[in-house]
Amino acid sequence: MKPFQPAEIEAAAQAAWTAADAYRATEKPGAKKFYCVSMLPYPSGKLHMGHVRNYTINDVMYRHLRMNGWNVLMPMGWDAFGLPAENAAMKNGIAPAKWTYDNIATMKKQMQAMGLAIDWSREVAACDPGYYKWNQWLFLKMLERGIAYRKTQVVNWDPVDRTVLANEQVIDGRGWRTGAVVEKREIPGYYLRITDYAEELLAYLDRMPGWPERVKTMQANWIGKSQGVRFAFTHDIRDAAGKLIGDGRMYVFTTRADTIMGVTFCAVAPEHPLAAHAAASNPKLAAFVDECRRGSVMEADLATMEKKGMPTGLVVIHPLTGAKVEVWVGNYVLIGYGDGAVMGVPAHDERDLAFAQKYGLPVRQVIAIDGESFSATAWQPWYEDKQRGKCVNSGKYDGLPYAGAVDAIAADLAAKGQGEKQTTFRLRDWGISRQRYWGTPIPIVHCNDCGTVPVPEKDLPVVLPEDCIPDGTGNPLNKREDFLRVDCPRCGKPARRETDTMDTFVDSSWYYMRYTCPDAKTMVDGRNDYWMPMDQYIGGIEHAILHLLYARFWTKVMRDLGLVKIDEPFTRLLTQGMVLNHIYSRTGAGGGVEYFWPDDVLNVHGDDGRIVGAKLKSDGSRVDYGGLGTMSKSKNNGVDPQALIDKYGADTARLFVMFASHPEASLEWSDAGVDGAHRFLKRLWTFAQARKDTVRSAAGAFDWRDAAPAVKAARRELHLTLKQADYDYERVQYNTVVSAAMKMLNALEAVPADAAGAAALAREGLSMLIRVLYPVVPHTGWGLWQALGFATAHGDLLDAKWPAVDPAALVQDEIELVLQINGKLRGKLVVPAAADKAAIEAAAKAAPEVAKHTAGAAVKKVVVVPGRLVNVVV
RNA sequence: GCCGGGAUGGCGGAACUGGUAUACGCAGCAGACUCAAAAUCUGCCGGCCGCAAGGCCAUGCGGGUUCGAUUCCCGCUCCCGGCACCA
């Protein structure tokens, strides 16, 4: 008997697939096509568990659908531009290009070792000029149409390295390399008008039944459509030249126009013209404005920082009451949102109340709710309740509910020419300029005479030099004269190339279309119309908002340019959960943090059983427990899939990752269980080899009516389990598909080998089991299919027909119902399968358990759920 | 802080539309085989009480709806993801 040797089987299976060019997909008009894509990986060095999980899900889907007759395409590519390559370059002195290409080679080899059904003829890398040329081309089209435009953006500035920092490079408000306090700085950059598509991006969410509700909710909230009122406070504040600042108007936006009568102060951003005006004659205020410039631009930082303010000494006039309202500078007011100024209504906004209490500002109640009392000092959530309140202390608006008050107030503001209703979106335009080297060059030339000039289409691509090595002090392209020097496309005089590159989200916004026609002479061609929209997209939940929203936007722009005929790119979306592992660290005396590999520590538990810390196995010294987090190299908590593959083979790794949890749930890593997965494969292999001759001899037809009772029971179990597995495949719950395969083997093993029909059942059962499990463990499936001689009967397993449930195998004469009394399980009831409700009720009333537990009390009600249970209520 | 999600035995998890909670596997315990170990096989395996029959409790915590709640509703706790320059 041939022992289970994964390395040998996997090599043979992969060689066979390669020889047959088994995964090359072609456009077959008329055939039912299925286009499934995994979010393309960043080539960080080696595959990690998240990749293995992602691609295995995709591969299982591919093989299952292909066996069910679909024309399936599964491509792969590389998100090859990005910051990590520059970081690696700084650390190792290797050019980002070389580092990236080396990583791609390594990771491609690992994917091939996993046995993934990838059509490699369609491979795309974002750093290939043949790809990013089309980023540049579409950018120029967007410029022509006004979808792309230039304006200032606020960035994190490291004053020591004199460079722009990514949010990731800011730690506790300081630059990660220099430790210098980061400053906000305004610089020019290019934006894409995603806000022009906000309405459509929101509306189409309702037409996307194949997307998880949670993702659609997140996107809808992110787009954040809200109705409100934009209105002006007037003033007579003039600059040094005597000119009215802002034409004497300070605009604010509010979604709570019904509370305007409760305004007791206003706050403006530190960069607001009124703040600048006041600061010019007030050194203390100038110092405060300067202080506000420090810190990062991250929203999470801004939202959690201490709210601070300072009075400007300026007043503006309330548009409805005519009252004077103090203007403050607030560090929490952002110049980039709306008009950079907000109204303060402490009585009905929790954050305004905190601010008012801190600085002794008045609180004025203007909304009341029947039955609830109001306190100007203690916050109650109902103060913010739009639906229950009515206006009070609001003059002519008293008694109006939310909607009525908003309408009346908006009308009065409009009549004065001081305000109007407005729909706003939380969504902001997409800033794509990055002051970094390793990305798609933005195809713009700066000319002293002509200003910013687009590169003509015929000169594309603007090729990125591949031999730069960044040193952390800014974009190395600024030192590359051969790249910088160019003649102005408009006037022909010497000019200078733009050195900013594009956000890597541009690369990932349309790569899945280039897969369909990687050699097209245009951005996409007719092949794209065959494969798109994508039938199934699979990737991490962390991409639920940004990447997916940008890709949807990009698709709509391509549609409006006539490049594609679709409105949405992804029909079905599967957001796989994160692969998590414990994080252990220790902060050294110098402030540096050292991370420890989870296998090297032992947990220390607190009284409540929670992990409170850990000890190093090597010397028993204490390390801190940092909770669960995504596996990452920087946290030193990654599990190397290659080690699993080397030790057990790819199929064990695939089986374990699929079995460990539901694809959409996060997966808490644990080494235990990998052995179990391997043991199961070995058990299956051994069982099938032992039945080899039996299976081959039982090729003829068998009349199941002649089977022994144990064989009939096992056959019923097999077909029931197959039915369950079919359902689980359909709903992409692959963990229970694996369970189903295990149950099938358990059922087959339990049948006595000499029972009537045992040989026929072994043949039918193994043939079924191998096919059901094949998508998960294709190498083992391939090996067994051949060993049992099925190859000649069905052709190659990859294109073998999916097994069918035999309804006759499921039929039974009697069924077992659960007997409940007052909702508690008290016994079982066996009734004929055909029994009707009345018969079941009668049988239940006659059951001894009922007499015992009701103790003669009158039966009030009997609930009968056919096929499931009877509940007797007394 | 805001938005989204999660919590089920010692562990990973299952339970489809409100209907037997803990399928399947891991770990553990006992036994078989073996000189022995490994491997393999068989059995047991949520907690408490009980000789047993059986009973009670249990799906993060506190309430509610229902004949019946892991599932629906309200209020919490903790954890995870995202927050626009990590990808």
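Labels below follow one simple rule: chain letters A, B, ... track the order of the sequence lines, proteins then strands, and each chain is numbered from 1.
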Is [X] touching bases, backbone alone, or none of the nucleic acid, heavy atoms closer than 4.0 Å?
X         : value
Val170(A) : nothing
Val818(A) : base
Leu427(A) : base
Phe680(A) : nothing
Ser44(A)  : nothing
Trp430(A) : nothing
Tyr42(A)  : sugar-phosphate
His662(A) : sugar-phosphate
Thr304(A) : base
Arg868(A) : sugar-phosphate
Gln724(A) : base
Val155(A) : base
Lys860(A) : nothing
Glu816(A) : nothing

In whole angstrom, give me the gap between the P atoms of G10(B) and G6(B).
->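 Here G10(B) and G6(B) have their P atoms 23 Å from each other.
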5' priority, RNA chain B, between Ile545(A) and Leu667(A) [closest heavy atom] =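 Taking each residue's closest nucleotide, the earlier one in sequence belongs to Leu667(A).
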First of Leu869(A) and Gly431(A) reached from the 5' end of RNA chain B, by closest nucleotide |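 Its nearest nucleotide being more 5', the pick is Leu869(A).
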Indicate the ring-plane relationship of [X] and [Y], choosing parallel, tilted or perpendicular according to the 30° and 60° boundaries.
X         : Y         : value
His51(A)  : Tyr55(A)  : parallel
Trp685(A) : Phe4(A)   : tilted
Tyr511(A) : Tyr537(A) : tilted

Is a donor-acceptor pair below 3.5 Å formed from side chain Asn871(A) to base C67(B), judging by atom type as modelled?
->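 Counting by modelled atom types and ignoring angles, a donor-acceptor contact under 3.5 Å is found here.
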Taking N and O atoms by type only, does the side chain of Gln820(A) place a donor or acceptor under 3.5 Å from a partner on the base of C67(B)?
->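 Between C67(B) and Gln820(A), which were checked side chain against base, a qualifying N/O pair under 3.5 Å is absent.
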Out of Val297(A), Asn156(A), Val155(A), which residue meets the side-chain contact (heavy atoms from CB on, under 4.5 Å) rule with Lys184(A)?
->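 Of all the options given, the one that passes is Val297(A).
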Does Lys151(A) make a cation-pi contact with Tyr191(A), if we ask for NZ or CZ under 6.0 Å from the ring centre and within 45° of the axis?
->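 So Lys151(A) does make the cation-pi contact.
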Starting at [atom1] of [X] and ending at [atom2] of [N], how long is that distance when rounded to a whole Å?
X         : N      : atom1 : atom2 : result
Asn746(A) : A23(B) : CG    : P     : 13 Å
Phe687(A) : A39(B) : CZ    : P     : 23 Å
Met305(A) : C83(B) : CE    : P     : 18 Å
Met742(A) : A14(B) : CE    : C1'   : 13 Å
Leu580(A) : C78(B) : CG    : C1'   : 15 Å
Glu664(A) : A7(B)  : CD    : P     : 13 Å
Glu168(A) : G82(B) : CD    : P     : 11 Å
Glu213(A) : G6(B)  : CD    : P     : 12 Å

Can any side-chain N or O of Lys216(A) pair as donor or acceptor with the backbone N or O of Met208(A) at less than 3.5 Å?
->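 Checking the backbone N and O of Met208(A) against the side chain of Lys216(A), a donor-acceptor pair under 3.5 Å is found.
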Nearest-neighbour nucleotide for the Ala300(A) side chain, C86(B), A84(B), C83(B) considered |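 When the side chain of Ala300(A) is considered, C83(B) is the closest of C86(B), A84(B), C83(B).
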Heavy-atom check, side chain of Leu817(A) versus side chain of Leu869(A), under 4.5 Å =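 They are not in contact (no side-chain heavy atoms under 4.5 Å apart), so the answer is no.
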Side-chain ion pair, Arg256(A) and Asp349(A), N-O less than 4.0 Å =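 Looking at Arg256(A) and Asp349(A), the cut-off is not met.
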Output yes when Lys837(A) and Glu841(A) qualify as a salt bridge under the 4.0 Å nitrogen-oxygen rule, no when they do not.
->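 No salt bridge links Lys837(A) with Glu841(A).
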Does [X] place a side-chain N or O at less than 4.0 Å from the phosphate oxygens OP1/OP2 of [N]?
X         : N      : value
Asn167(A) : A84(B) : yes
Arg826(A) : G55(B) : yes
Asn735(A) : G13(B) : no

Can you pull every protein N or O that's under 3.5 Å from an N or O on nucleotides 40-50 of chain B?
none

Whom does U22(B) pair with, Watson-Crick or G-U wobble, provided both distances fall under 3.5 Å?
->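 Answer to the pairing question: none, since U22(B) forms no Watson-Crick or G-U pair.
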Mate of A27(B) where both pairing distances stay under 3.5 Å, Watson-Crick or G-U =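 Looking at the geometry, A27(B) pairs with no nucleotide.
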G81(B): syn or anti, with syn meaning chi within 90° of zero?
->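 Classified anti.
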Among Asp503(A), Asp500(A), Thr501(A), Thr504(A), find the residue that satisfies the side chain to side chain donor-acceptor pair (under 3.5 Å) test when tested with Arg434(A).
->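 Of Asp503(A), Asp500(A), Thr501(A), Thr504(A), side chain to side chain donor-acceptor pair (under 3.5 Å) with Arg434(A) is met by Asp503(A) alone.
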